[in-house]
Amino acid sequence: MQNGPVSALIASMNHYADKSLNKAQIFELIIRDGVEAFNNYRRSQEYRPIDLSGLDFTAKDLTAINFSVADLTGCTFDLACMNDAVLIMADLSRSSCRETDFYMANLEEADLLHCDLREAKLGGASLVEAVLTGSQAGQTDFKDANLTRANLQKCEFQDADFTGAIVKSADFRDAAIEWANFEGVQYDESTRWGSKPPAFVAAGIVPKPE
């Protein structure tokens, strides 16, 4: 005999199987039945793009959620836990992600145009070819993140921490990086630093972590 939580999950999976849900129903599925039920729904829909724009996920536990190719424009994720989340090619333009925990999340090719990422935690996250143009990322944690070929133009990185991050071929042009920490960062000749590169770049030195 199956226990309560397992029975509830199976019932949820059966209820939503082969159904195309609208935005309100998808939000209800996430909040009421949890991430696993939502991920199963995405699988049943073969990960087709979905519109979740403008929804409020403040302080929600979204660990390991699969938001790939989802429209998340204008959403609120402040204080949410999105560890190990999959957001490949998701559109988070103009979303609020203040103090959001994206530890080890996959944001490859994600669109984060003009996002509020202040104090977010992106340690170990993959942002390969992500677009963060114009985003606010003051005091944001990018430690050990992979920002290869990421577009970081015109971002605000006041006191951001890039310790150990990979920024090969990343584009920092017109970004405010004067007070960011680049200790141990991995960059190459294709990294674009703009008119005010860090001092170690001008000297041809890669900072060593302690």
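Quick note: numbers below take in every heavy atom, side chains included, and nothing from hydrogens, waters or symmetry partners.
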In the structure I gave you, are the side-chain heavy atoms of [X] and [Y] within less than 4.5 Å of one another anywhere?
X      : Y      : value
Phe38  : Leu62  : no
Thr63  : Val35  : no
Asp188 : Ser169 : yes
Tyr41  : Ile30  : no
Thr191 : Phe172 : yes
Met82  : Leu87  : yes
Phe67  : Leu92  : no

| For the side chain of Gln136 and the backbone of Gly138, is there at least one donor-acceptor N/O pair under 3.5 Å apart? | no
| message | Using a 3.5 Å distance criterion without hydrogens, assess whether the side chain of Ser135 forms a donor-acceptor pair with backbone atoms of Leu117. | response | no
Do we see a donor-acceptor contact under 3.5 Å between the side chains of [X] and [Y]?
X      : Y      : result
Asn39  : Arg42  : no
Thr58  : Asp78  : no
Ser126 : Glu108 : yes
Gln153 : Asp171 : yes
Asp91  : Thr73  : no

Check [X] against [Y] and note the closest heavy-atom contact, atom names and distance.
X      : Y      : value
Arg94  : Cys115 : N-SG, 4.0 Å
Leu72  : Ala90  : CD1-CB, 4.2 Å
Leu132 : Ala130 : CD1-CB, 3.8 Å
Gly54  : Cys75  : N-SG, 3.6 Å

| query | Any chance OH of Tyr103 has more than 12 other-residue heavy atoms, nucleotides or ligands included, within less than 6.0 Å? | reply |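 No, because the 6.0 Å sphere around OH of Tyr103 holds 12 heavy atoms or fewer from other groups.
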| note | The remaining residues in the hydrophobic cluster of Trp179, counting side-chain heavy-atom contacts under 4.5 Å among Ile, Leu, Val, Met, Phe, Trp and Tyr, are none
Please round to the nearest 0.5 Å and tell me the distance separating atom [atom1] of [X] and atom [atom2] of [Y].
X      : Y      : atom1 : atom2 : answer
Asp159 : Glu119 : CG    : CD    : 10.0 Å
Ile65  : Cys81  : CD1   : SG    : 11.0 Å
Lys121 : Cys97  : NZ    : SG    : 12.5 Å
Gln25  : Asn22  : CD    : CG    : 4.0 Å
Thr76  : Arg98  : OG1   : CZ    : 12.0 Å
Arg48  : Ser68  : CZ    : OG    : 15.0 Å

Are [Y] and [X] connected into the same hydrophobic cluster when the rule is that any two of I, L, V, M, F, W, Y join if their side-chain heavy atoms are below 4.5 Å apart?
X      : Y      : value
Leu107 : Met104 : no
Leu147 : Val86  : no
Phe157 : Trp193 : yes
Met89  : Tyr47  : no
Ile177 : Leu122 : yes

| said: Classify the ring geometry of Phe77 against Phe57: parallel below 30°, tilted from 30° to 60°, perpendicular beyond 60°. | reply: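 Rings of Phe77 and Phe57: parallel, under 30°.
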| message | Parallel, tilted or perpendicular, judged at 30° and 60°: which one describes the rings of Phe182 and Phe162? | response | parallel
| Do any pairs count as a salt bridge (charged side-chain N to carboxylate O under 4.0 Å, His left out) and have a residue in residues 122-150, sequence neighbours left out, and if so which ones? |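 Found Glu129-Arg149, Asp141-Lys143, Lys143-Asp161.
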| said: Show, in sequence, the C-alpha distance, side-chain angles and deciding distance for Arg118 and Gln139, and conclude whether the side-chain contact (heavy atoms from CB on, under 4.5 Å) test is met. | reply: CA-CA 6 Å; Arg118 286 176 288 181; Gln139 299 182 46; over 6 Å; no
